[in-house]
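As the structure is a computational prediction, the values presented were derived from the model and not from experiment. Every heavy atom of this structure was used, including side-chain atoms; hydrogens, water molecules and symmetry mates were not.
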Amino acid sequence: MTRPDLPLLMLDVDGPLNPWAAPECPPGYQTYLVTGLQVGDLHVWLNTGHGERLQRLPYHLVWATTWMHEANVVIGGRALGLPTLDVIEWTGMHLPDPDGLYWKTRQIAAWAGGRPFAWVDDEIGDADREWVAEHYDGPALLHWVDPRVGLVEADFVALEEWAGGLMEGPGGPMEGPDGLMEGRA
């Protein structure tokens, strides 16, 4: 169910929730074997505590992952205890962008449709932040997450503070003049 009164939180799986680049399964994570995928069987690392932590954030959660609808079943439902979330259905996955943007960036902005949004992903770059600042008509937070560690408490705090800044109105402590706050690099 969409909550138009809340900002959107666009969630990628691989990187933020599954720290795929870690040298070994990080503390607090469990290894899950995902079978029956078109790409074959996958091992993913997930922290079951992230589901509860995400649900406490003042956002409407949305899957922004190549897992698309499978994220609701495999990641959200089974491992993280999340309700069924809206899903961005990608067109042209992994196609190069003419301006050098990450292939998700334009579709994320279009899907958000002017609503305030935060996006957590491990492939966000400066070009994406600049494009959103110039072309998106609402507040947006593009928050990079290190794929070697996944979401950590500092990320959750940054997301809470940014949403809290929206509640305080334009020019609030977490919002710049263009409505964009940069994620950690």
Side-chain angles (χ1 to χ4, degrees), residues 1 3 6-88 90 93-94 102 104-105 108 116-126 128-129 140-167 173-174 181-185:
M1 179 173 136
R3 293 272 319 261
L6 295 176
L8 302 167
L9 177 55
M10 313 292 205
L11 293 167
D12 184 28
V13 169
D14 295 316
L17 296 173
N18 171 31
W20 62 268
E24 59 187 27
C25 186
Y29 285 76
Q30 296 175 358
T31 301
Y32 290 84
L33 174 63
V34 181
T35 60
L37 300 173
Q38 288 181 337
V39 296
D41 296 348
L42 292 176
H43 286 90
V44 295
W45 295 323
L46 299 170
N47 181 329
T48 58
H50 283 164
E52 181 182 330
R53 190 69 175 92
L54 286 165
Q55 290 183 82
R56 289 196 326 252
L57 292 173
Y59 288 90
H60 175 80
L61 305 176
V62 177
W63 290 120
T65 174
T66 57
W67 289 76
M68 290 194 280
H69 292 281
E70 291 173 330
N72 274 318
V73 176
V74 177
I75 306 299
R78 289 185 191 155
L80 301 182
L82 293 173
T84 300
L85 306 182
D86 290 331
V87 175
I88 297 176
W90 306 112
M93 284 196 300
H94 305 287
Y102 179 36
K104 290 182 182 179
T105 304
I108 291 268
F117 76 88
W119 170 28
V120 293
D121 202 303
D122 63 320
E123 296 196 50
I124 294 169
D126 289 338
D128 305 298
R129 288 185 186 94
L141 167 66
L142 279 66
H143 189 81
W144 180 80
V145 175
D146 188 337
R148 296 168 297 179
V149 296
L151 285 169
V152 296
E153 185 59 23
D155 298 310
F156 289 106
V157 169
L159 291 166
E160 287 172 338
E161 289 178 350
W162 186 79
L166 291 175
M167 310 279 178
M174 297 308 293
M181 182 183 119
E182 217 172 280
R184 65 184 169 101

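- The shortest distance between side-chain heavy atoms of Asp128 and Lys104 does not fall below 4.5 Å.
- By the 4.5 Å heavy-atom criterion applied to side chains, Arg53 and Glu153 are counted as neighbours.
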As a quick check of understanding, evaluate side-chain contact (heavy atoms from CB on, under 4.5 Å) for Trp119 and Thr105, giving each step before the final call. CA-CA 10 Å; Trp119 170 28; Thr105 304; 3.6 Å; yes
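- Counting non-hydrogen atoms of neighbouring residues, nucleotides and ligands closer than 6.0 angstrom, the CH2 atom of Trp90 exceeds 12 such neighbours.
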Could you walk me through whether Val120 and Leu11 satisfy the side-chain contact (heavy atoms from CB on, under 4.5 Å) test, starting with their C-alpha distance in whole Å, then the side-chain angles of each, then the deciding distance to 0.1 Å, before giving a yes or no? CA-CA 6 Å; Val120 293; Leu11 293 167; 3.6 Å; yes
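- In Gln55, the CD atom is crowded: over 12 heavy atoms of neighbouring residues, nucleotides or ligands sit closer than 6.0 Å.
- With rounding to the nearest 0.5 angstrom, the CG atom of Asp122 is 8.5 Å from the CG atom of Asp146.
- The two atoms that bring Tyr29 and Leu17 nearest to each other are CE2-O, 3.6 Å, heavy atoms only.
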Worked check of side-chain contact (heavy atoms from CB on, under 4.5 Å) between Tyr59 and Leu6: CA-CA 5 Å; Tyr59 288 90; Leu6 295 176; 5.5 Å; no
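- Thr35 is listed as a side-chain neighbour of Asp41, based on a closest heavy-atom distance under 4.5 Å.
- Taking 4.5 Å as the limit, some side-chain heavy atom of Tyr32 sits within range of a side-chain heavy atom of Thr48.
- Across every non-hydrogen atom of Pro16 and Val145, the tightest pair is CA-CG1, 3.7 Å.
- Between atom CD1 of residue Ile75 and atom CD of residue Glu70 there is a gap of 9.5 Å, rounded to the nearest 0.5 Å.
- In this structure, Phe156 and His50 have side chains that are in contact, with non-hydrogen atoms separated by less than 4.5 Å.
- For the pair Arg129 and Asp126, the minimum side-chain heavy-atom distance is below 4.5 Å.
- Taking all atoms of both residues into account, the shortest heavy-atom contact from Gly150 to Asp155 is O-OD2, 3.8 Å.
- What you find for Trp45 and Pro26 is that their closest heavy atoms are CE3-CD, 3.8 Å.
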Trace of the side-chain contact (heavy atoms from CB on, under 4.5 Å) decision for Leu9 with Leu61: CA-CA 5 Å; Leu9 177 55; Leu61 305 176; 3.6 Å; yes
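- When all heavy atoms of Trp162 and Pro7 are compared, the pair lying nearest together is CZ3-CB, 4.4 Å.
- Of all heavy-atom pairs spanning His143 and Ala158, the tightest one is CE1-CB, 3.9 Å.
- Note that CD of Glu161 is 12.5 Å distant from CG of Leu166, once rounded to the nearest 0.5 Å.
- Side-chain contact check for Trp67 versus Asp14: some heavy-atom pair is nearer than 4.5 Å.
- Atom CH2 of Trp63 and atom CG of Leu82 lie 5.5 Å apart (nearest 0.5 Å).
- Atom CG of Leu85 and atom NE2 of His69 lie 11.5 Å apart (nearest 0.5 Å).
- For the atom pair CG (Asn47) and CD (Gln30), the distance works out to 8.5 Å, reported to the nearest 0.5 Å.
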